[in-house]
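Reading through the structure tokens given below for one structure.
Remember, it's 1-based here, ligands and their atoms both numbered in the order they're listed. FYI, the numbering just counts along the sequence from 1.
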Amino acid sequence: MTHDLIVLGAGAAGLMAAATAGQAGARVLLLDHADKAGKKILISGGGRCNFTNTGTEAENFLSENPHFSKSALVRYTQWDFLALVERHGIAWHEKTLGQLFCDGSARQIVAMLLEECAAGGVELRLSTKIDDIGHGDGLFRVAGATAPQLIVATGGPSIPKMGATGIAYRIAERFGLPVVTPRPALVPLTLGEDAQAFRDISGVSSSVTASAGGAAFSEAALFTHRGLSGPAILQASSYWTPGAPVMLNLLSNAEEVLREARRNSPRIRLRSVLSEHLPNRLAEVLAARVGLQTEMGNTSDKEIARVAGELQALTFHPTGTEGFAKAEVTAGGISTDALSSRTMEAKSVPGLYAIGEAVDVTGWLGGYNFQWAWASGWAAGQAA
Ligand code: FDA
């Protein structure tokens, strides 16, 4: 036996797990095929890493078992991670909606985690290919090393050009752990014919409430030449299923706005009313789409109600998503049914753990995915 613990994947979750276990006294080997640790951390949050969210709760995560994330999130909270950031003297700020970012660079978060690993005596081996995993006599054998415990922290297949792979699912299969079908999440949606009408306003962004699959998010939506993007759409995409509609509420007080225009400016036309509340080019497309030709003074209550209804439930039928190449995260993954929610250890394979994005727990946009990586990494690192 060369080590007490082997951690596969030096990303957010693997670095946290390795540091935690190392500092608790375990001899830890951390392996990654990349030439650098924490590559996704480095590009996250536009290079400033949205490292947690002050409002983190289990409700901010999707999983077949919505209760699974609770234990880890409560035992290693957003405040614990923030305290670590502050101990390392990293300056931070809240951008919006509880999202905490580095003032400087995401490189500081990776440097902090590497220092924590060094403090735990973790041996880090980069550019190491992981082929077969041997298992017998209570030991795991990987890349020439052996240990009685193995943590799988290899993430999901989103953004393959960053070195992301689906190896976690192959390992799960090897050990008989079920996998919830992985799918791209926090991802732009593509529109077929629907996109035609909006192609001219590619690049226009507007505040909306976007709904899909029973969830609704009030943030910006962006019209693109292929479909829809922006934070509200990325959030809704995680709840979208093929064939289902996505609805945009573009003007939450539409009826009031239209009635007021009819009362105060009877000569005005719909396009001008809308352009007071929405970007000009969007107002133009919408006015043409809802087909209200008359001056506001000549519109009936019924017409106002119809137009308001359309503006509040502009419905799209996406043809798909931009796929794993553009997805910020992967939803689905190793089934939580197979794991202990306290330790992340596989119920059927003593000594085997899975954490982070490899597991069927997916956060909203806004620092939640890293908080899950820290919390699940800490839980497994403590236990291993
Ligand atoms: P992660 O992907 O970080 O690490 C997996 C590691 O395993 C990698 O180092 C990889 O090289 C290694 N690996 C994979 N396959 C392997 C193989 N076959 N052999 C050996 N090693 C292998 N989240 C958030 O909360 N705030 C944010 O600001 C952002 N921003 C963001 C921007 C962009 C562009 C992306 C793509 C994603 C984000 N995220 C985010 C999501 C966040 O990056 C993600 O959820 C976490 O990095 C997941 O952490 P893990 O450690 O589970 O996987």
Donor-acceptor pair, distance only, cut-off 3.5 Å: does the side chain of Asn50 make one with the backbone of Leu100? yes
Show which atoms of ligand 1 fall inside a sub-4.0 Å distance from at least one heavy-atom site of Ile43. 34 (C)
Would you say the ring centroid of Phe61 lies under 6.0 angstrom from that of Phe68? no
Counting only heavy atoms, tell me which of Val142, Asn53, Asp32 gets closest to atom 9 (O) of ligand 1. Asp32
What residue and atom, counting heavy atoms only, is the protein's closest point to atom 53 (O) of ligand 1, and at what distance? Gly155 CA, 3.5 Å
Should the heavy atoms of other residues, nucleotides or ligands under 6.0 Å from NZ of Lys95 be counted, would the total exceed 12? no
Atoms in ligand 1 with a heavy atom of Ala153 nearer than 4.0 Å: 5 (C), 6 (C), 7 (O)
Thr330 (side chain) donor-acceptor with Arg183 (main chain) under 3.5 angstrom: no
Under 4.0 Å from any heavy atom of Gly356, which atoms of ligand 1 are there? 52 (O)
Looking at Gly163, which atoms of ligand 1 are within less than 4.0 Å of one of its heavy atoms? 14 (C), 15 (N)
What is the closest protein heavy atom to atom 18 (N) of ligand 1, and at what distance does it sit? Thr165 OG1, 3.3 Å
What protein heavy atom sits nearest atom 48 (C) of ligand 1, and how far away is it? Glu357 OE1, 3.4 Å
Sub-4.0 Å heavy-atom approach of Ser158 to ligand 1: no
If you count the non-hydrogen atoms of other residues, nucleotides and ligands that lie under 6.0 Å from CZ in Arg226, is the total more than 12? no
Has ligand 1 got any nitrogen or oxygen that is less than 3.5 angstrom from a nitrogen or oxygen of Thr128? no
To the nearest 0.1 Å, how far is atom 35 (C) of ligand 1 from its closest protein heavy atom, and which atom is that? Glu328 CG, 3.5 Å
In the protein, what heavy atom is nearest to atom 13 (N) of ligand 1, and what distance, to one decimal place, separates them? His33 NE2, 3.6 Å
Tell me: protein heavy atom nearest atom 4 (O) of ligand 1, and distance? Gly11 CA, 3.3 Å
Hey, is Ala164 one of the residues with a heavy atom under 4.0 angstrom from ligand 1? no
Leu31 N/O to ligand 1 N/O under 3.5 Å: no
Aromatic contact, Phe370 with Trp374 (centres under 6.0 Å): yes
Lys39 to ligand 1, any heavy atom closer than 4.0 Å: no
Can you confirm whether more than 12 heavy atoms, excluding those of Arg263, are under 6.0 Å from its CZ atom? yes
A quick test of your reading: do over 12 heavy atoms of other residues, nucleotides or ligands sit less than 6.0 Å from CD of Glu86? yes
Output yes when a side-chain donor or acceptor of Thr77 lies under 3.5 Å from a complementary backbone atom of Asp80, and no otherwise. yes
From atom 32 (C) of ligand 1, work out which of Ala17, Ser44, Gly377, Gly38 has a heavy atom at the shortest distance. Ser44
Under a 4.0 Å N-O cut-off, is there an ion pair linking Arg125 with Asp32? no
Atom NE2 of His88: over 12 foreign heavy atoms under 6.0 Å: yes
Check whether any side-chain heavy atom of Phe51 lies under 4.5 Å from a side-chain heavy atom of Leu82, and answer yes or no. yes
Is the side chain of Arg306 donor-acceptor paired with the backbone N or O of Val290 at a distance under 3.5 Å, no angle test? yes
Atoms in ligand 1 flagged as close to Gly45, the criterion being non-hydrogen separation under 4.0 Å: 28 (O), 30 (N)
Show the atoms of ligand 1 that are less than 4.0 angstrom away from any heavy atom in Ala12. 3 (O), 49 (O), 51 (O)
Ligand 1 to Ile167, heavy atom cutoff 4.0 Å, flagged ligand atoms 15 (N), 16 (C), 17 (C), 18 (N)
Please classify the Ile159 to ligand 1 contact at 4.0 Å (heavy-atom distances, strictly less than): side chain, backbone, both or neither. side chain
Nearest non-hydrogen protein atom to atom 25 (O) of ligand 1, with distance, is Phe370 N, 2.8 Å
In ligand 1, the atoms that come under 4.0 Å of a heavy atom of Asn50 are 24 (C), 25 (O), 26 (N), 27 (C), 28 (O)
Which bit of Val329 gets closer than 4.0 Å to ligand 1, counting heavy atoms only: side chain, backbone, both or neither? side chain
Below 3.5 Å, N or O to N or O, backbone or side chain included: is there any such pair between Gln371 and ligand 1? no
If you measure from the Lys or Arg side-chain nitrogens to the Asp or Glu carboxylate oxygens, is any gap between Lys39 and Asp35 under 4.0 Å? yes
Do Leu177 and Val179 have side chains that get closer than 4.5 Å, going by heavy atoms? no
In the protein, what heavy atom is nearest to atom 14 (C) of ligand 1, and what distance, to one decimal place, separates them? Thr154 O, 3.4 Å
